[in-house]
Amino acid sequence: MARPDINRSGEIEVFVRVVEAGSFSAAARALRMTPSAVSKLIARLEARLGARLVSRSTRKLQLTPEGTAFYDSGLRILADMAAAEREAAVGAAPRGRLRVNSYVPFGVHRLIPLLPRFLERYPEISVDLVLTDSVIDLMQERADVAIRAGPLGESRLVARKLGQSRMAVVAAPSYLKTHGTPRIPADLDKHNRMAFGFVRHVDGWQFVDAAGNAIMVPITGNTLVSDGESMRLMAVGGAGIARLAHWHVADDIAAGRLTALLEDFNPGDEEPTHAVYVGQGRHLPARVRAFLDFLVENVRMA
């Protein structure tokens with residue numbers, strides 16, 4: 001915990017000015033400080049951080065690797081502070097950069113089609129969108145909102161549920177014509193079951209037998225993919241059998257590009273989709289609150 005007498009934002013601003021001005025004296029003139037005061041402030045900052053930020057061995061100011069990293073972080077912090085002050089000054093009107101991280105299928109098929117309407121409604125918001133099925137650290141990646149599929153683990157993050165969908169085992173007609181159609185879960189042992197290259201909350205495909213007993217079929221095959229959209233495209237191309245959320249493949253099934261398999265053994269388990277974020281209530285930035293409300297209003301998982 002920082003001591004209250006340490007003005008961190010002021011230190012960051014002086015350091016950024018020094019880097020941008022190229023010298024202590026030039027920064028001092030811009031900040032209306034003495035060069036010695038600027039030098040002492042930077043020395044105090046380095047002492048607190050326990051790292052040298054600026055090399056003083058040459059006449060030209062040079063940043064150390066730690067100094068470069070701190071400068072990049074400092075720019076982002078100052079920009080976020082300025083955005084927060086602008087929001088507060090105009091009564092928390094939705095504005096500023098909104099950083100969104102979404103799992104790929106949702107991003108491609110649900111989020112991206114909605115974003116033009118969101119940006120039209122809130123013209124003072126800009127969106128920084130990243131699509132990945134890997135789980136990220138919101139604080140480390142500086143994301144405002146992450147959209148994730150599957151059960152939520154223990155976390156201090158707040159979540160809003162956007163919907164849920166049952167799972168479906170699917171394959172392309174071309175694959176089934178060549179390799180045959182599995183009639184019972186045990187038949188999958190003869191087939192290429194495509195898997196994800198990251199850890200899932202369930203390591204296998206779930207089915208039930210005629211008596212209602214749970215069956216878990218391990219995933220083995222010659223294909224690992226990084227995200228659900230790649231898995232869908234591989235399945236449509238005839239590479240193997242996939243297990244994906246039904247909402248994700250419903251159009252392909254309706255169009256005949258994919259065939260649903262083993263539906264009599266489907267346990268009916270559902271995969272939820274949540275928007276997770278840091279903070280809640282009145283402390284939530286207006287741009288984040290507007291985005292969450294927009295998602296709840298417009299997203300349909302069926």
Side-chain angles (χ1 to χ4, degrees), residues 101-113 130-136 146-153 162-209 213-274 301-302:
N101 188 291
S102 171
Y103 72 101
V104 180
F106 184 91
V108 170
H109 295 280
R110 290 294 185 269
L111 183 55
I112 290 176
V130 175
L131 302 184
T132 176
D133 278 16
S134 299
V135 177
I136 67 158
I147 301 172
R148 287 290 167 260
L152 297 177
L162 300 179
Q164 61 187 33
S165 173
R166 70 182 183 89
M167 305 301 291
V169 176
V170 294
S174 60
Y175 174 88
L176 299 175
K177 182 178 180 180
T178 302
H179 301 280
T181 300
R183 302 299 178 185
I184 59 175
D187 291 344
L188 290 171
D189 289 341
K190 307 171 186 176
H191 289 271
N192 187 37
R193 287 156 279 167
M194 296 187 291
F196 290 103
F198 53 86
V199 176
R200 301 279 287 178
H201 60 276
V202 176
D203 189 19
W205 292 355
Q206 301 176 67
F207 296 96
V208 292
D209 61 19
N213 299 313
I215 303 171
M216 185 68 72
V217 176
I219 309 170
T220 58
N222 63 8
T223 304
L224 287 175
V225 298
S226 63
D227 62 83
E229 180 64 4
S230 297
M231 177 77 77
R232 183 189 73 84
L233 293 172
M234 290 290 288
V236 169
I241 299 178
R243 189 173 192 263
L244 296 165
H246 188 270
W247 75 263
H248 188 194
V249 294
D251 289 346
D252 295 313
I253 294 172
R257 293 185 292 269
L258 290 174
T259 299
L261 306 173
L262 303 170
E263 284 293 278
D264 291 341
F265 303 92
N266 192 322
D269 58 316
E270 295 188 329
E271 182 178 74
T273 292
H274 292 90
M301 300 299 293

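This structure is a prediction, so every number in the text was calculated from the model and none was measured.
Legend: salt bridge (Lys or Arg N to Asp or Glu O under 4.0 Å) pairs involving residues 216-226, not counting sequence neighbours: none detected. Annotation: salt bridge (Lys or Arg N to Asp or Glu O under 4.0 Å) contacts involving residues 176-188, sequence neighbours excluded, are absent.
For the atom pair CG of Asp189 and OG1 of Thr220, the computed distance is 7.0 Å after rounding to the nearest 0.5 Å. Here the straight-line distance linking atom OG1 of Thr273 with atom CZ of Arg148 works out to 10.5 Å at 0.5 Å rounding. In this structure, the separation between CH2 on Trp247 and NE2 on His109 is 6.0 Å, given to the nearest 0.5 Å. Between the NE2 atom in His274 and the CG atom in Leu162 there is a gap of 8.0 Å [rounded to 0.5 Å].
With a 4.5 Å cut-off on side-chain heavy atoms, Pro182 and Ile241 count as touching. By the 4.5 Å heavy-atom criterion applied to side chains, Val169 and Phe265 are not counted as neighbours. Taking the side chain as every heavy atom from C-beta outward, Val208 and Pro185 never approach each other to under 4.5 Å. The side-chain heavy atoms of Ser226 and Thr132, taken from C-beta on, include no pair separated by under 4.5 Å. Looking only at side-chain heavy atoms (C-beta outward), Leu233 and Val225 stay at 4.5 Å or farther from each other. In this structure, Met301 and Gln164 have side chains that are not in contact, with every pair of non-hydrogen atoms separated by 4.5 Å or more.
Looking only at distances, no side-chain donor or acceptor of Asn222 sits under 3.5 Å from a matching main-chain atom of Asn192. Judged by distance alone, the side chain of Ser165 and the main-chain N or O of His246 form a donor-acceptor pair under 3.5 Å.
Every residue was checked against the salt bridge (Lys or Arg N to Asp or Glu O under 4.0 Å) condition with Asp264, not counting sequence neighbours, and none meets it. Under the rule for a ring pair (Phe, Tyr, Trp, His ring centres under 6.0 Å), the partners of Tyr175 that lie at least two apart in sequence or sit in another chain are His179, His191. With sequence neighbours left out, the side chain to side chain contact (heavy atoms under 4.5 Å, CB included) criterion links Leu224 to Ala195.
Between Asp269 and Arg243 the shortest heavy-atom distance is OD1-NH2, 2.8 Å. The shortest heavy-atom contact between Glu270 and Pro272 is O-CD, 3.7 Å. Ala235 and Ala172 get closest at one heavy-atom pair: O-CB, 3.2 Å. Across every non-hydrogen atom of Gln206 and Pro267, the tightest pair is O-CD, 3.3 Å. The minimum heavy-atom distance linking Ser174 with Gly238 is given by the pair OG-CA, 3.8 Å. Gly107 approaches Pro113 most closely through the heavy-atom pair O-CD, 4.3 Å.
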task: Let me see the working for Leu131 and Ile112 under side-chain contact (heavy atoms from CB on, under 4.5 Å), right down to the final yes or no.
output: CA-CA 10 Å; Leu131 302 184; Ile112 290 176; 4.1 Å; yes
- request: For side-chain contact (heavy atoms from CB on, under 4.5 Å), just list the numbers for Leu188 and Leu262, CA-CA rounded to whole Å, side-chain angles, deciding distance to a tenth of an Å, and then say yes or no.
  value: CA-CA 10 Å; Leu188 290 171; Leu262 303 170; 3.9 Å; yes
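The aromatic rings of Tyr103 and Phe106 sit tilted relative to each other, their planes meeting at an angle between 30° and 60°.
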Donor-acceptor contacts, no H, no angles, side chain residues 248-260, under 3.5 Å, sequence neighbours left out:
from   : atom 1 : to     : atom 2 : distance (Å)
His248 : NE2    : Glu229 : OE1    : 2.8
Asp252 : OD1    : Arg232 : NH1    : 3.1
Asp252 : OD1    : Arg257 : NE     : 2.7
Asp252 : OD1    : Arg257 : NH2    : 2.9
Asp252 : OD2    : Arg232 : NH1    : 2.8

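In this structure, Glu263 pairs ionically with Arg166, as a charged nitrogen and a carboxylate oxygen lie closer than 4.0 Å.
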